[in-house]
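See structure below.
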Protein chains: 2
Amino acid sequence: MLDAAVRVFSRRGYHAASMDDIAELAGISKPMVYAYLGTKEELFVACLHREGTRMLEAIAGAAAPDLPTDERLWRGLRAFFGFVGAHRDGWAVLYRQARGSQPFAGELAAMRTRMVEVVAGMLAHALRADGREVGETDLEVVAYALVGASESLADWLADHPEADPEQTATRMMSVAWLGAAQLLAGTTWPPPQV
Amino acid sequence: MLDAAVRVFSRRGYHAASMDDIAELAGISKPMVYAYLGTKEELFVACLHREGTRMLEAIAGAAAPDLPTDERLWRGLRAFFGFVGAHRDGWAVLYRQARGSQPFAGELAAMRTRMVEVVAGMLAHALRADGREVGETDLEVVAYALVGASESLADWLADHPEADPEQTATRMMSVAWLGAAQLLAGTTWPPPQV
DNA sequence: GCGTAACCTTACGCACGAGTAGGTATGCTC
DNA sequence: GAGCATACCTACTCGTGCGTAAGGTTACGC
């Protein structure tokens with residue numbers, strides 16, 4: 001039921017998607033959509049929530065907190081790209097539509113913030129284990145960069161159906177963990193399972 | 001004249017912005033907007049073009065092709081974040097509004113592709129100078145990651161008026177060039193001018 | 001002083017889409 | 001089999017906002 005809404009929203013965008021379109025694709029009539037799911041805005045928020053929750057759970061389930069940092073990063077990335085590869089429509093709704101649309105910016109921003117916090121917390125944990133300290137803002141900004149890079153690659157993945165999510169995760173891990181200089185120097189990041 | 005349109009589009013979003021709003025802020029009446037700039041869609045594309053051209057020129061002007069790779073990256077990043085810091089409205093229009101809106105996805109995608117190509121070309125050049133070869137897709141994907149990370153930090157910068165573009169560029173350079181592992185190990189990237 | 005032309009405004013037509021009122025069929029109770 | 005409820009659809013109202021047609025104002029030529 002929500003699946004039809006996600007499909008339509010992902011293809012046409014929030015504003016261009018009409019409730020008639022959604023009702024038609026779902027195989028029911030418009031008043032039914034209103035009866036079951038409320039207004040258009042509530043419907044979109046419901047889509048956002050479902051897809052967002054699924055994604056966060058997929059990632060959180062994969063990256064257990066007691067693993068070493070690089071392993072957590074790798075598993076989180078793999079889960080993330082795996083999700084995007086398997087739910088391209090959901091990703092498009094979550095990321096491409098909700099941006100900028102004022103009513104939903106908050107919803108998305110909150111989710112994004114949670115992801116950034118998780119990444120920042122991971123880095124902070126690794127640093128403290130090492131006995132070092134670093135500015136909170138620095139950590140936050142680095143986490144933003146990592147999340148942004150992942151989102152960008154997710155977009156790339158969504159537009160390239162032939163691409164392999166696993167390999168995309170490997171590439172992201174390489175650039176995030178090693179940095180461009182190391183990559184240019186020939187160092188490669190060894191994935192746990194080749 | 002276009003400035004008013006950029007302001008309104010950046011604050012209210014493409015769909016929510018009415019031509020009446022734009023005309024009012026510009027201090028003229030609606031038919032004049034149509035006389036000078038055509039339909040709403042053409043107007044938005046015009047905004048997109050102007051801001052996009054300005055940004056690309058700012059970056060291209062800063063990162064001369066004959067510099068070493070790390071210096072080009074650094075100067076390009078500095079120009080990019082400087083632009084975003086100085087034209088936050090323009091950035092919001094370019095990036096936050098155009099995403100997802102089908103009619104303009106092409107315009108933005110083309111610009112983004114150009115930036116990715118520039119970064120990929122830069123990396124390829126450095127690799128060839130080193131006598132090494134690497135898959136074209138790999139380069140493209142790494143470039144996507146770097147561009148995405150920069151965009152994410154640009155968003156962060158746009159939302160934090162107190163933040164310093166220069167310092168943001170430094171942070172981006174650190175994570176892109178050194179990678180998270182190096183950062184955690186305590187290595188820092190030395191900016192040319194402290 | 002009067003026509004005229006450039007320029008601008010007010011006020012409207014029109015389409016589109018969100019949300020709803022009223023009507024119809026199907027199954028359940030007595 | 002009559003009465004009722006549930007589930008659903010067709011057809012409508014209403015607001016909103018793009019794009020434009022008709023009318024006013026100022027400056028200049030004659």
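A, B, ... follow the sequence lines: proteins, then strands. Residue 1 opens every chain.
- Atom pair A/M19:CE and D/dC9:C1' shows a separation of 16 Å (rounding to whole Å applied).
- For the pair B/K40 and B/F9, the cation-pi criterion (under 6.0 Å, within 45° of the ring axis) is not fulfilled.
- Under a 4.0 Å N-O distance rule, the pair A/D89/A/R50 does not qualify as a salt bridge.
- Taking 4.0 angstrom as the limit, A/Y36 places a side-chain polar atom (N or O) nearer than this to OP1 or OP2 of D/dC8.
- Of the listed nucleotides (D/dG19, D/dG17, D/dC8), D/dC8 has the atom at the smallest distance from the side chain of A/M32.
- Counting non-hydrogen atoms under 4.0 angstrom, B/A17 reaches the backbone sugars and phosphates but no base.
- Whole-Å rounding puts the B/D20 CG to D/dT20 C1' distance at 13 Å.
- The closest side-chain heavy-atom distance from B/E51 to B/Y95 is not below 4.5 Å.
- Rounded to whole angstrom, the span from the NE2 atom of A/H15 across to the C1' atom of D/dT16 amounts to 13 Å.
- Following rounding to the nearest Å, B/K40 (NZ) and D/dG19 (C1') show an atom-to-atom distance of 12 Å.
- The nearest heavy atom of DNA chain D to A/G27 and to B/A16 marks one nucleotide each, and the one closer to the 5' end goes with A/G27.
- The pair A/D155-A/R96 counts as a salt bridge, with a side-chain nitrogen and a carboxylate oxygen less than 4.0 angstrom apart.
- Separating the CG atom of B/L43 from the P atom of D/dG17 is a distance of 16 Å, rounded to the nearest angstrom.
- At the heavy-atom level, A/S29 lies under 4.0 Å from base atoms of the strands shown.
- In terms of polar N and O atoms assigned as donor or acceptor, the side chain of B/K30 comes within less than 3.5 Å of the base of D/dG19 in a complementary pairing.
- Within the 4.5 Å cutoff, no side-chain heavy atoms of B/V84 are placed close to those of B/P165.
- Note that the first and last nucleotides of DNA chain C, 5' to 3', having any atom under 4.0 angstrom from a heavy atom of chain A are C/dA18 to C/dA21.
- In this structure, a donor-acceptor pair under 3.5 Å is present between the side chains of B/R112 and A/S152.
- A salt bridge is absent between B/R11 and B/D21; no separation between the charged side-chain nitrogens and carboxylate oxygens falls under 4.0 Å.
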